[in-house]
K.L.:
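After the structure tokens below, expect a handful of questions from me.
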Amino acid sequence: MADEVKLYGFEESPFVCRVKIAMNLKGIKYDFVVENLSNKSADLIRYNPIYKKVPVLVHNGNPISESLVILEYIDDVWREVPILPHDAYGKAQARFWAKFIYDKCSPALMKAIGSRGQKQAVAEANEQLRFLENELNVKGTVFFGGDNINLVDISATFIAFWLGAAEEASGIKLLTEDKFPKLVEWGDNYINCQAVKDSLPPRELVLSFFKKLFGKA
Amino acid sequence: MDVILLDFWISVFGVRVRIALAEKGVEYEYREEDLQNKSPLLLEMNPVNKKIPVLIHKGKPVCESNIIVQYIDETWHDKSPSLLPSDPYLRAQARFWADFVDKKIYESAKKIWTAKGEDLEAAKKEYMDLLKVLEGQLGEKPYLVGESFGFADIAMIPFSSWFYALNQIGNMKIEEECPKLAAWVERCMKRESVSKTLPDPHKFHELLMMRLNK
């Protein structure tokens with residue numbers, strides 16, 4: 001029986017992009033169903049009644065929500081090109097960093113930019129980026145996943161691609177080469193991975209989204 | 001000792017880990033942290049968040065309670081019970097609900113301690129709506145995901161020790177309004193791992209009142 005895989009989302013969402021990257025990495029065929037968040041489809045509400053958000057993955061009629069949950073599900077079902085290490089400790093480390101990026105790092109970055117570079121917010125953002133910079137230094141590899149991208153790299157897609165557009169739209173620069181050379185290098189390498197390139201939205205779309213957000217459209 | 005747990009006696013997150021360790025019958029050394037005066041070991045083992053619980057296994061730290069519970073399940077996979085389902089879809093459900101407790105239940109309950117007047121009414125409604133979501137998820141099932149006690153239950157059950165305090169402070173009747181959830185709590189409490197680990201709801205209420213009246 002052929003697998004039926006649908007992904008509900010919209011292009012500008014970094015969370016939706018994470019799921020696309022994982023699926024492209026593993027060569028999973030899927031249908032992309034475009035959702036307009038100001039006019040959500042009946043299907044989306046039925047598949048994600050708790051949050052009513054994207055991304056939602058529907059696999060053979062079964063819905064899964066929340067991007068990190070979806071990524072782990074994809075890795076559980078489609079075992080080629082794993083995005084999590086095999087050992088329990090490696091998995092715990094990857095999950096920790098993925099959660100850190102979601103819980104602390106990304107919100108701190110958006111706060112620093114949204115506050116137009118308020119000193120305390122920028123200091124907070126730098127502290128979170130420093131943790132990621134250190135992690136790359138300690139690992140000594142190109143990606144958080146080693147030679148290949150993994151769950152952590154995919155979780156950090158926002159930092160590699162969306163952040164730059166937000167910085168350009170707002171004029172607030174956070175991820176600079178002099179302060180975070182390893183992270184900048186990581187970002188350049190990451191967005192050049194084929195699976196990532198195939199999944200990213202046009203930069204203009206993301207830039208225009210941030211320009212509107214910061215009232216500079 | 002191979003396994004050390006850095007924890008704080010009344011932490012709902014610490015309790016999750018203690019339940020998981022008990023379910024698997026893993027021996028460990030419990031170390032109480034003074035959260036006003038964190039140990040050098042805690043700061044070394046969790047430099048990013050500086051929080052408990054931290055599980056130290058053969059000298060290597062694992063942080064974040066839900067992540068620790070999965071680590072315990074995967075490491076002691078040969079010991080029953082399995083804390084996560086073997087079916088990938090049910091596993092995803094378990095992860096979703098454990099994450100829901102973190103994202104929604106925890107934040108919502110905290111608001112009730114500090115809110116006043118209209119804000120308190122709004123906080124209470126929000127919290128009860130969330131409990132009703134869990135009530136709906138339980139349905140006719142004995143546990144939150146599937147037929148066995150597992151990851152999602154472990155994530156949520158420590159929060160039941162807050163119900164007494166929430167009922168008192170918020171003037172609520174949680175067990176009356178969510179009978180399935182109340183039955184689920186009783187069912188979980190029949191497990192030694194839960195009954196021996198959960199903080200006493202009255203003690204929690206006492207501690208909370210002291211903190212709030214400071």
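Naming: A, B, ... by sequence-line order, numbering from 1 per chain. Only a predicted model underlies this, so the values are computations on that prediction, with no experimental measurement involved.
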K.L.:
Identify which part of B:Trp76 has an atom lying under 4.5 Å from any heavy atom of chain A, answering side chain, backbone, both or neither.
P.N.:
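Answer is neither: B:Trp76 stays 4.5 Å or more from chain A.
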K.L.:
Side chains of B:Leu131 and B:Met156, heavy atoms from C-beta outward: is any pair under 4.5 Å?
P.N.:
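In contact.
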K.L.:
Is chain A contacted by the side chain of B:Asn49, its backbone, both, or neither, given a heavy-atom distance below 4.5 Å?
P.N.:
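For B:Asn49, the contact with chain A is made by backbone and side chain together.
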K.L.:
Go through the atoms of A:Phe131 and report whether side chain, backbone, both or neither lie under 4.5 Å from a heavy atom of chain B.
P.N.:
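Looking at A:Phe131, just its side chain touches chain B.
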K.L.:
Between A:Lys20 and A:Phe32, is NZ or CZ placed under 6.0 angstrom from the six-membered ring centre and within 45° of the ring axis?
P.N.:
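Because its charged atom sits under 6.0 Å from the ring centre and within 45° of the axis, A:Lys20 does stack over A:Phe32.
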K.L.:
Give, as side chain, backbone, both or neither, the part of A:Phe100 having an atom under 4.5 angstrom from any heavy atom of chain B.
P.N.:
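For A:Phe100, the side chain is the part near chain B, not the backbone.
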K.L.:
Using heavy-atom distances under 4.5 Å, tell me whether A:Ile50 contacts chain B through its side chain, its backbone, both, or neither.
P.N.:
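Side chain only.
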K.L.:
I'd like to know which of B:Ile72, B:Ile67, B:Ile68 tops the heavy-atom pair count under 4.5 Å against chain A.
P.N.:
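Option with the greatest count: B:Ile67.
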K.L.:
Which atoms of B:Gln93 are under 4.5 Å from chain A, going by heavy atoms: the side chain, the backbone, both sets, or neither?
P.N.:
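The side chain, not the backbone.
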K.L.:
Against chain A, label B:Val133 side chain, backbone, both or neither, depending on which of its atoms sit under 4.5 Å from a heavy atom there.
P.N.:
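The side chain, not the backbone.
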K.L.:
Going through the distances and angles, do B:Asp2 and B:His57 end up as a side chain to side chain donor-acceptor pair (under 3.5 Å)?
P.N.:
CA-CA 6 Å; B:Asp2 260 4; B:His57 185 208; 4.8 Å; no
K.L.:
Strictly below 4.0 Å, N to O, side chains only: are B:Glu64 and A:Lys99 in salt-bridge contact?
P.N.:
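Looking at A:Lys99 together with B:Glu64, the answer is yes, because their closest N to O distance falls below 4.0 Å.
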K.L.:
With a 4.5 angstrom heavy-atom cut-off, which part of B:Arg91 approaches chain A: side chain, backbone, both or neither?
P.N.:
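Just its side chain gets close to chain A.
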K.L.:
Scan B:Glu33, B:Arg31, B:Glu44 and name whichever one has a side chain to side chain donor-acceptor pair (under 3.5 Å) with B:Ser39.
P.N.:
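Per the side chain to side chain donor-acceptor pair (under 3.5 Å) rule, the option paired with B:Ser39 is B:Glu33, out of B:Glu33, B:Arg31, B:Glu44.
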K.L.:
For atom NZ of B:Lys132, decide whether the heavy atoms of other residues, nucleotides or ligands shown that lie under 6.0 angstrom number more than 12.
P.N.:
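Count over threshold, so yes.
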K.L.:
With a 4.5 angstrom heavy-atom cut-off, which part of A:Gln128 approaches chain B: side chain, backbone, both or neither?
P.N.:
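Nothing of A:Gln128, per the 4.5 Å heavy-atom cut-off to chain B.
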K.L.:
Kindly indicate whether the side chain of B:Thr114, heavy atoms from C-beta on, has any atom under 4.5 Å from the side chain of B:Asp119.
P.N.:
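Of all side-chain heavy-atom pairs linking B:Asp119 with B:Thr114, none is under 4.5 Å.
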K.L.:
Between A:Lys104, A:Gln93, A:Arg95, which shows the greatest number of heavy-atom pairs under 4.5 Å with chain B?
P.N.:
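Looking at each option in turn, the highest pair count goes to A:Arg95.
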K.L.:
Could you tell me if the side chain of B:Tyr127 sits less than 4.5 Å from the side chain of B:Glu107, heavy atoms only?
P.N.:
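When only atoms from C-beta onward are counted, B:Tyr127 and B:Glu107 do not touch, as no gap falls below 4.5 Å.
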